[in-house]
Structures are given as C-alpha cells and as structure tokens.
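Below is one structure, written out as structure tokens; comments come after it.
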2 protein chains.
Amino acid sequence: MTDIRITSALRLLQAADEFRAGLAGEFSSVHGISVNEFLMLLHVQRSSKQRLARVELAKRMHVSASTVTRMAAPMEKIRLLSRDVDERDARIVFVALTEAGAERLADALVTFAKRAGYLLDDRWQGSEVEQLSEMLRRLAPGAAGTLT
Amino acid sequence: MTDIRITSALRLLQAADEFRAGLAGEFSSVHGISVNEFLMLLHVQRSSKQRLARVELAKRMHVSASTVTRMAAPMEKIRLLSRDVDERDARIVFVALTEAGAERLADALVTFAKRAGYLLDDRWQGSEVEQLSEMLRRLAPGAAGTLT
DNA sequence: GCAATATGCTTGCATATGCAAGCGAATCGC
DNA sequence: GCGATTCGCTTGCATATGCAAGCATATTGC
C-alpha cells in the first residue's frame with residue numbers, strides 16, 4: 001500500500017512546499033516579489049527571445065492564462081516587464097523582460113541561490129547533488145520550456 | 001551563476017508543480033477533494049492518535065492556521081473529519097479522522113499511487129527510486145510530522 | 001470570399017489563502 | 001490569587017487564482 005513510489009511522490013510535494021515557503025518570506029520582504037513572479041521573470045528571461053506569448057508562459061508555469069494576465073499587469077506597470085505585440089498575429093501579446101526586470105531578477109537569483117545552498121548544504125557531496133539534479137530533471141517531463 | 005544547486009532547486013519546484021497540477025484535476029473530478037484536502041486527511045491519519053491540533057496541522061502542511069480552520073470546516077460538515085476537544089486544554093480543538101474520512105482517503109490514495117506510478121514509470125529502476133526517495137527525504141528537514 | 005471554427009487574451013465570478021485583529025482559555029510573575 | 005502575557009482558534013479584509021464567458025483576430029472548409 002505505502003509503496004516507495006507513493007513515499008517518493010509525497011516527499012517531492014513536501015520538499016517543494018517547504019522550500020517554497022521559505023523562499024516566499026524572503027522574496028516578498030527583500031525583493032518585493034512573490035515566488036511566482038520570480039518564476040515568471042525567469043521563464044521570460046530563459047526563453048529564446050526574452051519574450052513569451054501569454055498562453056505559452058501559462059503552460060510553462062502550470063497556471064491559467066488569466067493568472068498570467070493578472071500577474072503580468074502590475075509588473076508591466078512598474079516596468080519590470082513590457083507588452084510586445086506580434087507583427088504577424090495581432091492576437092498575441094508577448095511578455096518581454098525589461099532591463100529593470102533583468103536587474104530585479106538578478107537580485108532575486110542571489111537570494112534563490114542562497115536558499116538553494118541551504119537546501120543542499122555542506123552535507124551533500126557534489127556527486128550527490130548531480131545525481132539528484134538529474135533525477136529531478138527526469139521527473140519533469142514538460143519538455144518544452146524547461147527552465148533548466 | 002547558474003550553479004547546480006540553483007538548477008536542482010528549480011527542478012524541484014517544477015517537478016512538484018507539474019505533479020501537483022496533474023493530481024489536482026483527477027482528485028477534484030474523481031474524488032471531490034483538492035490536493036490540499038487530501039494532504040490534510042493524510043496528515044491526520046498518519047499522526048499518532050489520528051488527530052491533530054489545528055496549529056500543529058498548519059505547521060505540517062505549511063499553511064496558516066486560518067487556512068486549516070477554513071479547509072476543515074466543510075470536511076467536518078460532510079463528516080470526513082470531526083472536531084474533538086481536548087479534555088485538559090479547552091483552547092485546543094483537534095482535527096480527527098472519521099471512518100468516512102478514512103474511506104475517502106483510501107480511495108484517493110489509489111489515484112495518488114497511480115499518479116506516482118506515472119511519475120516514476122517503468123524507466124526507473126527500483127534502486128533509482130530508492131535513491132531518489134532517500135534524497136528527497138533529506139531535502140525536507142521538517143522533522144516533526146513528516147508524512148513519510 | 002465568407003461563414004464557421006479555432007486561438008489568444010481579458011474579465012466576472014467563485015474559491016483559496018495569508019495577515020492582523022479579536023476572543024476565550026491557560027500560564028506566568030509577583 | 002490576580003493582572004499580564006501567551007496560546008489556540010476564528011474572522012474581516014486583501015490578494016491570488018481557476019473557470020467560463022466574452023471579444024477580437026486568424027484559420028479553415030467550402
């Protein structure tokens with residue numbers, strides 16, 4: 001009943017929840033953005049042209065299109081992101097990274113790296129981290145738009 | 001900059017989001033509960049006395065106390081959970097699992113196991129799953145009340 | 001070409017959740 | 001013992017998010 005696959009999946013959810021909860025506090029107080037806003041900036045930056053259609057961004061973030069619309073709006077207001085229209089298809093409104101957005105993202109990445117360091121602390125051997133990283137990669141089959 | 005710890009932490013978040021998103025759809029349509037409601041039932045079941053104080057449950061689930069209050073209310077209404085008072089301390093209201101709650105949880109666990117099977121499919125060796133499981137355990141240092 | 005359909009985005013509504021304030025009960029300091 | 005503090009829980013308010021409907025633009029079938 002409680003086989004090892006169930007255990008692994010539960011641990012995956014728990015580890016992610018815990019890591020995310022820790023991040024959330026520091027992100028909002030230090031950088032003024034939420035974890036999801038950070039991930040949105042990161043997805044845009046790591047896309048081929050530093051811009052993504054909203055629908056595509058929604059898929060990559062595992063959120064609905066309406067969430068992308070509403071998350072992007074305030075960040076466009078403060079110029080972390082910009083609205084870019086497609087010359088060929090007027091339906092598409094790209095989310096693009098501004099210079100200010102890139103700077104904010106870089107700042108937040110420092111915090112993220114620090115937290116990732118807590119997560120994988122000195123007790124982890126380099127080779128163990130590599131193994132873990134590879135295994136986690138296999139767990140996220142969302143091929144298109146993998147962040148890493 | 002993009003060191004392997006950052007990559008691992010990002011993959012952890014992505015893998016968990018993806019798994020959770022898949023779970024959410026099937027849980028709500030098949031079992032009529034959300035992923036968090038499932039986890040709440042599971043936490044209660046796996047606690048020492050099949051019951052937990054709300055504050056303790058909140059800690060284990062990484063949510064606020066108010067969320068526990070509000071999540072538990074409808075499940076108490078439909079008798080999946082019951083409210084138990086502490087004889088010694090009138091401030092404490094335990095969340096306890098009912099028989100109906102245990103049945104619902106057992107049903108949902110079948111779905112969870114199926115999804116965990118998709119996650120860790122035939123391409124995974126048994127020893128690899130064990131390695132992954134152990135590594136994920138090390139990632140969730142929340143010692144008290146680990147679900148697994 | 002034009003109607004029918006599909007696609008991308010936004011918006012109205014409902015639900016979910018955190019924070020801070022409030023309330024009652026227990027504990028502490030004296 | 002009693003006022004002050006702490007603790008557990010709940011509730012008001014603000015924010016976040018999904019779903020379904022609506023709207024504009026593209027594409028398809030004929």
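So you know, we letter chains A, B, ... as the sequences are listed, proteins then strands, and number each from 1.
A/Leu52 has its CG atom 14 Å from the C1' atom of C/dG8, to the nearest Å. Distance, B/Ile92 CD1 to D/dC9 P: 6 Å, rounded to whole Å. Look at CD on A/Glu56: it is 14 Å from P on C/dT7, rounded to the nearest Å. The CZ atom of A/Arg83 sits 16 Å away from the P atom of C/dG8 (whole-angstrom rounding).
Classification of A/Arg88 and A/Asp86 as a salt-bridged pair fails, no side-chain N sitting under 4.0 Å from a carboxylate O. Salt-bridge formation is detected for the pair A/Arg91/A/Asp89: a Lys NZ or Arg NE/NH1/NH2 atom is positioned less than 4.0 Å from an Asp or Glu carboxylate oxygen. Salt bridge status for B/Glu56 with B/Arg60: present, with a side-chain N to carboxylate O gap under 4.0 Å. Residues A/Arg20 and B/Asp17 are paired through a salt bridge, judged by an N-O separation under 4.0 Å between the basic side chain and the carboxylate. Using a 4.0 Å cut-off between charged nitrogen and carboxylate oxygen, B/Glu99 and B/Arg79 do not count as a salt-bridge pair.
Among residue pairs with one or both ends in residues 63-115 of chain A, those qualifying as ring pair (Phe, Tyr, Trp, His ring centres under 6.0 Å) are A/Phe19-A/Phe112, A/Phe38-A/Phe112; sequence neighbours excluded.
Under the rule for a ring-ring contact (aromatic ring centres under 6.0 Å, His included), the partners of A/His31 that lie at least two apart in sequence or sit in another chain are A/Phe27. For B/Arg83, the side chain to side chain contact (heavy atoms under 4.5 Å, CB included) partners are B/Arg54, B/Glu76, B/Val93, not counting sequence neighbours.
One axis for each end of the helix from C/dG1-D/dC30 to C/dC30-D/dG1, each built from five base pairs, and the angle between them comes to 30° at 10° resolution.
Under a 3.5 Å cut-off, the side chain of A/Ser133 and the backbone N or O of A/Val129 do not form any donor-acceptor pair.
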Per-nt protein contacts along nucleotides 15-28 of chain D (heavy atom under 4.0 Å; B base, S backbone sugar-phosphate only, - none) come out as --BBB-----BS--
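Interatomic distance, CE of B/Met71 versus CD1 of B/Ile33, reported as 9.0 Å (0.5 Å rounding).
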Protein-nucleotides 1-4 of chain C N/O pairs closer than 3.5 Å?
none

